Protein chains: 2
Amino acid sequence: MKPSVVTIEPNGHFCSDCAVRGAAVCSSLNTAELREFEHLGRRVHFDSGDTVFSEEDITTSFYNVLEGVMRLYKLLPDGRRQIVGFALPGDFLGMNISGRHNFSADAIGVVTVCQFAKAAFGRFIEDRPHLLKRINELAIRELSQARDHMVLLGRRSADEKVATFLLGWRDRLVTPKGPPDTVPLPMSRQDIADYLGLTIETVSRTFTKLERQGVIEIIHGGISLLDPARAEAMAAA
Amino acid sequence: MKPSVVTIEPNGHFCSDCAVRGAAVCSSLNTAELREFEHLGRRVHFDSGDTVFSEEDITTSFYNVLEGVMRLYKLLPDGRRQIVGFALPGDFLGMNISGRHNFSADAIGVVTVCQFAKAAFGRFIEDRPHLLKRINELAIRELSQARDHMVLLGRRSADEKVATFLLGWRDRLVTPKGPPDTVPLPMSRQDIADYLGLTIETVSRTFTKLERQGVIEIIHGGISLLDPARAEAMAAA
DNA sequence: CGGCGTCATTGATCGGGATCAAAAACGTCA
DNA sequence: TGACGTTTTTGATCCCGATCAATGACGCCG
């Protein structure tokens, strides 16, 4: 486990010009609250591959992802890894009841987070039930995603898993002008394999197969969705 | 989908003599609140196999399990089923953000729930942040369980899955005097298979194997844990 | 430009768990 | 008690995805 090389921005930051202001937990705060909130968090940068926090670490902070992608995963004693999700800007990390993180989080590419000290954040939330409500909503949404993921892992074939992953990932990258046809995949094949409960070879083979069938085109750093309808059909089963 | 045959208790019920009073969401309420809360919920009985609610149904109620066991599951269009969890007394069901349940719930054996109309419950919670906090805790705990389940489904062998299930189930049935050595299994082999992402045949074979190895003894309606240590070893990998 | 480390792809083979099939155990009810 | 439906167990075989192995494609830095 190499130590995280992080950079803390020396100058203050401003919520008002924050990229995820409308989407993240902060969306539940009014202007006055946002001002106070500003002093609680600090922007922290992580480089590609850095570990932001580890499973079993005592939780000292909450994190609001501002930019970049993170892999969230659990390890078995013998090294097997299950990626339980990918975090994108707007995602809120660090909630738990045991006082310890129950998964690890690495940066995939450069990542910026808004980091909050647990105690200060806890105090801030205490008398702001609307923020608590917002956090609860995020937790419930994640729970729903987690259950979908269980179905994927437990009951779908390799082809279905890969097709579902590509469509699901595309849908998480929707821009104001709809879902992109060219889907960037910043994570490695190994990451995708560990997310889907497959091996890297099976993922690679399935990508090649989809390409030969004209469903996708494999491009540098991602794929191009040539035939979304057929991909949907494969994913739906 | 057969219609649920339910019985609504004609007489009122009292939170004060409720079996799950200390464990469930209600544990966050004081005596005065509990009195008011009493009028919101009504006890409802379900028979074995009844569907309490279905995936995609519009959510009209929340449920607090009082007694019995429920299977929570999602179905694929072609009939494949993934059980995402089993609900026990004290579990709180019905939270979602889409306005629809995102899984179905059946009674396994006789079940009693405390049912709350969504709107009334929503109003009650509005100015009681401690109840919201309690619900949030339950959601976060479930999220943690869901992630553990993902590891199970994605990265473990059949033997490990079955051993982990038996130990995990036993631990959920802890009594004041510790975990029982004889573990009741009210759910069918098919349910266990759908929970673990296996087939019924594999589950049955694994049970037999564990029995031949002297780890468990298969008894009527459950198993007896003869060698917990060895079961732990199998589960840990 | 070339050497090297990392990651992705492709091929050959293996095996765990699925599938197909049948028998056994169990519960229910006439 | 016995016939029948359901659930569980056991057996035989198959196949999808894992494993083992090699090659290919990149990126990085001298």
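Chain letters run A, B, ... following the sequence lines, proteins first and then strands; every chain starts at 1. All values reported here derive from a predicted model rather than from experimental measurement.
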5'-most contact on DNA chain D: A/Val203 or B/Gln190, nearest heavy atom basis? B/Gln190

With sequence neighbours left out, the residues meeting side chain to side chain donor-acceptor pair (under 3.5 Å) with B/Lys209 are B/Asp159

Testing the 3.5 Å rule here: is there a donor-acceptor pair between the side chains of A/Thr199 and A/Thr202? yes

DNA chain D contacts among residues 192-201 of chain A, heavy-atom distance under 4.0 Å: A/Gly197, A/Leu198, A/Thr199, A/Glu201

Got B/Phe46 and B/Asp106 here, is their nearest side-chain heavy-atom distance under 4.5 Å? no

Degree of bending, the helix from C/dC1-D/dG30 to C/dA30-D/dT1 (end axes from five pairs; round to 10°): 30°

Donor-acceptor under 3.5 Å (A/Asp78 side chain, A/Arg80 main chain): yes

Test salt bridge (charged side-chain N to carboxylate O under 4.0 Å, His left out) applied to B/Arg81 - qualifying residues, sequence neighbours left out: B/Asp191, B/Asp194

Ring centroids only, cut at 6.0 angstrom: are A/Phe165 and A/Tyr195 within range, meaning strictly under it? yes

Sorted by chain and residue number, the side chain to side chain contact (heavy atoms under 4.5 Å, CB included) partners of A/Glu142 (sequence neighbours excluded) come out as A/Met95, B/Leu143, B/Arg147

Can you list, in residue-number order, the parts of residues 204-216 of chain B that come under 4.0 Å of DNA chain C, counting heavy atoms only? B/Arg205

Could you list all the side chain to side chain donor-acceptor pair (under 3.5 Å) pairs where at least one residue sits in residues 163-178 of chain A, not counting sequence neighbours? A/Asp91-A/Arg172

If you take all heavy atoms of A/Leu166 and A/Phe207, which pair is closest and at what distance? CD2-CZ, 4.1 Å

Using 30° and 60° as the class boundaries, would you call the ring planes of A/His101 and A/Phe53 parallel, tilted or perpendicular? parallel

Counterpart residues, salt bridge (charged side-chain N to carboxylate O under 4.0 Å, His left out), relative to B/Glu55 (two or more places apart): B/Lys74

Just the endpoints, please: which first and last nucleotides of DNA chain D, 5' to 3', lie under 4.0 Å from a heavy atom of chain A? D/dG17 to D/dG27

Suppose we screen for ring-ring contact (aromatic ring centres under 6.0 Å, His included). Which residues come up paired with B/Phe92, at least two apart in sequence or across chains? B/Phe62, B/Phe121

Between CD1 of B/Ile192 and CD1 of B/Ile83, what distance do you get to the nearest 0.5 Å? 9.0 Å

Does A/Asp17 pair with A/Arg43 as a salt bridge, N-O distance under 4.0 Å? yes

What range of DNA chain C does chain A touch, first nucleotide to last, counting atoms under 4.0 Å from its heavy atoms? C/dA8 to C/dA12

Pairs of donor and acceptor atoms involving the side chains of residues 220-227 of chain A, under 3.5 Å and at least two apart or interchain, shall be tabulated with distances.
residue	atom	partner	partner atom	Å
A/Asp227	OD1	A/Arg230	N	3.1
A/Asp227	OD2	A/Arg230	NE	3.4

